[in-house]
Every structure is written in C-alpha cells, then in structure tokens.
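Here's the structure we're looking at; comments come further down.
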Amino acid sequence: MQLKNHAPSGALLASLLVAPQIASAFYLPGVAPTTYKPGELVPLYVNSIRPVAAPDALLHSVVSYDYYQPHFQFCQPEGGPKSVGESLGSILFGDRIKTSPFELKMKQNETCKMLCPTTYKQGVAFYVNDKIRQGMSLNWLVDGLPAGQRIKDELTGTEFYNPGFLMGQVDADDHVTFNNHYDILIEYHEVSGNPDQLRVVGVLVQPESKKYTKDIPKESTDVCLSNFEPLELKEDGETKVQFTYSVYWIPSQTAWATRWDKYLHVFDPKIHWFSLINSAVIVVFLTLTVVSVLVRALRKDIARYNRLDQINLDDLSGTSALEDGVQEDSGWKLVHGDVFRTPSYPMLLSVFLGNGAQLFVMTGFTIAFALLGFLSPSNRGSLGTIILFLYTILGFVGGYTSARIYKSMGGEKWKMNIILTPVLVPGIVFGTFFLLNLFLWAKESSGAVPFTTMLVIILIWFIISVPLSVTGSWLGFRAAPIEPPVRTNQIPRQIPPVTTYLKPIPSMLLVGILPFGAIFVELYFIMSSIWFSKIYYMFGFLFLCYGLMILTCATVTILMVYFLLCAENYNWQWRAFLAAGASAGYIFLNALIYWASKLSLSGLAGSVLYIGYSALISFLFFILTGSIGFFSSWWFVRKIYSSIKID
C-alpha cells in the first residue's frame, strides 16, 4: 500500500494514511520472501484469463476463463497441469492458479526456447479471435508477483506495471493477430549484496506475434530474434502455431519489501485528496449545522415543555398554560405516548438490524486489518477470506442485536427470530450468488465457484455461523428488555398530514444522496478494481470515507426523524431505516451508469452477471446504512424523550 508524496495537514490523518506503509516494513504471515541461488528453478504459474481494458477504453467482457481451457490450446507441462493451493477467498474471486511448462532458472538468460507446436482449426480460431477482440489477457505469476506490462501515465509522466498482458492485438481495420512469443523480463535483487541470495522484485512480459514460416529445431536459440510477419489465426482453415519464449534477468535496486510499489498506481492521485477534503468539508458543515440546530431547538423545546409541566403542577397560582408563548398543541412532545410504539413488521426489521450490525462490525474490522497490511496484494485472496471469516464469527453479534431489538419491540415469536436472523439475509445473498454462478458455469468460466467450494461455504454457514447466531440470540432474549424512557399509550394517536419533503419517497431521496456523496469517488476506484482487474490498495482513504459515510448517515437521518416527530408523525423506525438505506439505490444507479459508460458487454450473460452482482452489493449496503440510520435515530429519540418530564 503506497501513499507517497501527499502530506495531510492533520497529524491524525497523516498517521492513519501512513499506517499501511509502517505495516509493510514487517513480513506478515504467508508472505515471507523466497531467496534463490543462481541456476535455481523459479516457478512460473498461470492464472485465469481475464478481460482488461486500456485506460479510458470500454470493457467488453466480465467473464474469465481457465488458462488450459481446450479452446485456447496453450502448451501444458509434462504430466498435465497441477493446481496450486489457493485460499477460499482466492477461489471465490476467480483465481485458478496452475503449473506451467515455462522453465525459469535464476540469473540464466535464455533465448528462443521452444514450447509445443499446435494447430488451430476453424472453429477454435474463431473462438480465440473473438476473445482477443474482447481484450482477454494472460495472467502469470512469478514468485507471487503478477507478470505485467510497463505503462506510462500520460497525466503524471510516471511509469508503472499493469498486471496481465494481452493475448493478441486488434488493429484499426479489425485485423486480429495472436501472440505466440513471450519475452519474459525478470528483475532480481541481491540481498545485502550477496550474489548467492537473490530475490525476484519485478516481472514484465513483452508478447509478440510471429508467423514462423517453417518448423523450428528445438535446439535453435536465435530464430525468434528475426523479424516475422504477425500471426493471424485463419477462421476459414487451419493455422499452425509454434509457441516460443525468451528469459532475461535484470539486476534491480528495488528491495523485496517495496517490490509491489511499481504495481500500485492511481491514474490521478489528486482526485483522492480533492474528494476526501470535499467530503470532509461537507460532512463537517452538515454535522455542525445539524448539531447546532438540534441543540438549540431541543434545549428550547425541553425547557419549554418542562416549564409547561411545572406550570400545570403549580396551577394553584392560576397561571394559564398558554403564557410565555408556551403552547400545548404542537411539537414533538405530543407524540411521547406513541414514539416507542411497536412498528409494523417488527420481526423483519429486527432481522435486518441484526445483520446490519454484523455487517457494520465486519466492515470496520476488515478495513482495520487492511490498514495493518494483512490484506497485502501479495497475500492473494486475503480480502475474501477475511470477509468470510469475520462474517462467520460475528454471527454472535447479529443474533444478539436482533434478539435485543425484537424483545424491546415486544415481539413474542422468539423462535422465528432465532431462525430468521442467521438464515434470511445470508440466504438471499447465497441464493443470488448461486443463480449468478449458474451463468458462469454455462459460460465455462473459471470464475464459476466449484460445487465443492459451495458445499464448504454451506458447511461453514450452518456449522459455525448459525450456532454462533443462535447463541447470541439466546443471550439476547435472556437479557432484560430495553425499557423506553416514556410509557406508550394504549390508543394510537392520529397522524396529521405531513409536508411533501417528509413523505416517504422524497425523504428517502434527500437523505440517501448525502452518504452516497461521501463515498462516490472512492466507489469509482473500487468498481474499477473489481471489473477492470486492478489492484485496490488505498485503504487509508477508504477508512476515512467509511467514517465520513457513518457520520453523514447518522446526522441526516437524525435530522429527518426530528422533523418527522415535530410533524407529530411517530412512525420513525422504518422511516429511519429506509431513508438511510436509500443510499444503496444511488449506488445501484451509479453501477448502471458505469455499465452504460465504461462497459460494452457482448451477450446476455455478461450483463446479467454485472447487474446481478451490483444488485447484491447494493442490497448489503442497504442493510448496512439502514442499520446505521436506525441505531443513530434510536439513540437520539431515547435521548430527547428521557430529557423531558412526563406526567
């Protein structure tokens, strides 16, 4: 994680953003360096074939494929390829790492090494050319580093390594050429100047298209150095292809601990700071405005209501309750007998809130682990693994929260609450994920999660997460109910009509847009990292944006609830949840705009996958932000009604 050449003004901000750099000075578990001796074999692994797009270009596919899928006919190692052990998160994110026939010997340059010859027939050639047009790229790994291509950022003038390299090229006339030769450039570093302790610190691949005109002797070492015509796969006949590669070792001053720096690049780093400062100013201004308005109004209201109560109690003096502008027929105090009335569908609301609390804690811990460097890109799949692990063990938090909320609402179907809390929301997520996975299976994509992995997830869900949630619910129901500060009347009060901006839809649109605005720019980079196969590492900014989103969500929801209560509308529970959760609607709308402007997906499957996963992310965000809005409003309502005297 690299955040260089940007000095924030505040010491706290600086410490938060520098924390990932401090953590990178230590060797974290699973990412310790590997030292090689000259001539020692350095394994090259192949990963899934994924679509990529050049900067400011459209992405034509979101489906990845296995490197050794029969249609591609890439050369295989003797005895067939073997899978390399992967974490659960790596599998879920579509990694399929396998051995390869490439032989790399430390510090030994080799040219024109022969791989297998193969023949592409008519149907296969058409398939491969179509994938080249979609921008498919090969992804290799050498000592954990992705093989990439050197790219220059025209805006900043800096050079960086972009993981992956294209399978072929398409010119302006739609002529497709196939890359069958690879120049592999590997940068190495001597540990403390010791020539017998060498470490890999960079990998570049320069693919070329070479139409060899005759059979090449296996012992030839210079034939690929000649100029050849580009190789085109004939879609109306057969094409013979000979794969070759060369290996060049380049000494480098880059230390092993900083070797990922050249892969981590933001095309416009200033936009992060502009977005962060802009969001911070808006949030601070909004928070101060809300706090000042509420404190002044509430202090005046509470003093007035308490004075009114005192006047009513001391009516011996004959003083009228309408003196000093004190009126009894308006204000939020009038709904004190209904404000803690059980809302409609308390079971569903409590289940959502339990899962929202679980997501809230999980997200906080995940970002904290990222700040400490445990989610380094060198530890592949660590993000997915830690999310799954945290969500599983935090089932206790979800069960306990759901039970306490449901009991405080007077719910009696405690068995149903215990069952639905760990099943409803995870069931919706898993069911949607399974249906989308069927599309990947149909497309023979490597991104399709294997059936055995699905079974493992189900076992983790029901053997670990569900029992923890049940335990939390049991403790929650055994605890004393959270008593409201005021009594609830037996007969509900009639709710008068409200103004337009306090109606459900307008208030949701107004409240939801502000939390979305706090994370809009960071969301763009996250979307790019997901769909464009880029490495996301700006966790310091993400941490601050997450905090700004929480503050925004809480303050605007509290303000909306205050105005709602002043309008004598006491149905605030679902309104607070839905209004704060409406920011998920803006996230889904933003995903659709991103789909229309940045993607050009061919076929129904790609569009269904993109929209489906975007809807799934938006649903989880709806649960998260809705819970933030509810709990902040619940605290606010309890605070103000415990501050007044009720007869």
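Counting begins at 1 with the first residue of the sequence.
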Hey, is the main chain of [Y] close enough, under 3.5 Å, to the side chain of [X] for a donor-acceptor pair?
{"X": "Tyr610", "Y": "Ala591", "result": "yes"}
{"X": "Lys407", "Y": "Ala479", "result": "yes"}
{"X": "Asn437", "Y": "Val449", "result": "yes"}
{"X": "Arg404", "Y": "Gly399", "result": "no"}
{"X": "Tyr586", "Y": "Leu509", "result": "yes"}
{"X": "Ser469", "Y": "Ser465", "result": "no"}
{"X": "Glu568", "Y": "Leu334", "result": "no"}
{"X": "Asn569", "Y": "Asn571", "result": "yes"}
{"X": "Ser473", "Y": "Ala403", "result": "no"}

Do you know which two heavy atoms are closest between [X] and [Y], and how far apart they sit?
{"X": "Val561", "Y": "Ala576", "answer": "CG2-CB, 4.0 Å"}
{"X": "Pro515", "Y": "Gly512", "answer": "CD-O, 3.4 Å"}
{"X": "Met549", "Y": "Ile519", "answer": "CB-CG2, 3.8 Å"}
{"X": "Tyr65", "Y": "Ser445", "answer": "CD2-CA, 4.3 Å"}
{"X": "Phe433", "Y": "Met454", "answer": "CE2-CE, 3.5 Å"}
{"X": "Ile482", "Y": "Trp634", "answer": "CD1-CH2, 3.5 Å"}

- Query: Between Phe543 and Phe539, does the ring centroid distance fall short of 6.0 Å?
  - Reply: no
- From CG (Leu502) to CG (Leu565), nearest 0.5 Å: 10.0 Å
- For the atom pair CZ (Phe369) and CG (Leu390), what is the distance rounded to the nearest 0.5 Å? 6.0 Å
Got a sec, which residues hit salt bridge (charged side-chain N to carboxylate O under 4.0 Å, His left out) with [X], two or more places apart in sequence or on another chain?
{"X": "Lys98", "answer": "Asp66"}
{"X": "Arg341", "answer": "Asp338"}
{"X": "Asp95", "answer": "Arg50, Arg380"}

- Taking atom CZ of Phe619 as the centre, does the number of heavy atoms from other residues, nucleotides or ligands within less than 6.0 Å exceed 12? yes
- Query: Got more than 12 heavy atoms from elsewhere within 6.0 Å of CG, Leu459?
  - Reply: yes
- Note on the structure: So the ring pair (Phe, Tyr, Trp, His ring centres under 6.0 Å) pairs with at least one residue in residues 339-365 (sequence neighbours excluded) are Phe352-Phe577
- Message: Is there a ring pair (Phe, Tyr, Trp, His ring centres under 6.0 Å) between Phe520 and Tyr524? Walk through the geometry before answering.
- Response: CA-CA 7 Å; Phe520 168 71; Tyr524 173 83; 7.7 Å; no
Quick one: list whatever passes side chain to side chain donor-acceptor pair (under 3.5 Å) with [X], sequence neighbours left out.
{"X": "Tyr546", "answer": "none"}
{"X": "Thr625", "answer": "Ser583"}
{"X": "Thr401", "answer": "none"}
{"X": "Tyr594", "answer": "Ser528"}

- Report yes if some heavy atom in the side chain of Leu514 is under 4.5 Å from a heavy atom in the side chain of Thr555; otherwise report no. no
- Side chain to side chain, Pro343 and Leu349, heavy atoms closer than 4.5 Å: yes
- Query: Taking only residues two or more places apart in sequence, or in another chain, which ones meet Tyr263 in a side-chain contact (heavy atoms from CB on, under 4.5 Å)?
  - Reply: Leu145, Pro146, Tyr161, Pro163, Val203, Trp260, Ile535
- Pairing residues for Phe462 by the ring pair (Phe, Tyr, Trp, His ring centres under 6.0 Å) criterion, not counting sequence neighbours: none
- ring pair (Phe, Tyr, Trp, His ring centres under 6.0 Å) partners for Tyr613, two or more places apart: none
- Candidates Trp574, Trp572, Phe636 - the one meeting ring pair (Phe, Tyr, Trp, His ring centres under 6.0 Å) with Phe630: Trp572
Expected list for residues 414-430: side-chain donor-acceptor pairs under 3.5 angstrom, two or more places apart:
unit_1: Asn417; atom_1: OD1; unit_2: Ser402; atom_2: OG; d: 3.4
unit_1: Asn417; atom_1: ND2; unit_2: Ser350; atom_2: OG; d: 3.1
unit_1: Asn417; atom_1: ND2; unit_2: Ser402; atom_2: OG; d: 3.1
unit_1: Thr421; atom_1: OG1; unit_2: Ser402; atom_2: OG; d: 2.9
unit_1: Thr421; atom_1: OG1; unit_2: Asn417; atom_2: O; d: 2.8

- Task: Evaluate side chain to side chain donor-acceptor pair (under 3.5 Å) for Ser48 paired with Ser446, printing each intermediate quantity in order.
- Result: CA-CA 7 Å; Ser48 302; Ser446 65; 3.0 Å; yes
- Determine the sole option in Thr366, Ile367, Val361 for which the side-chain contact (heavy atoms from CB on, under 4.5 Å) test with Thr363 is passed. Ile367
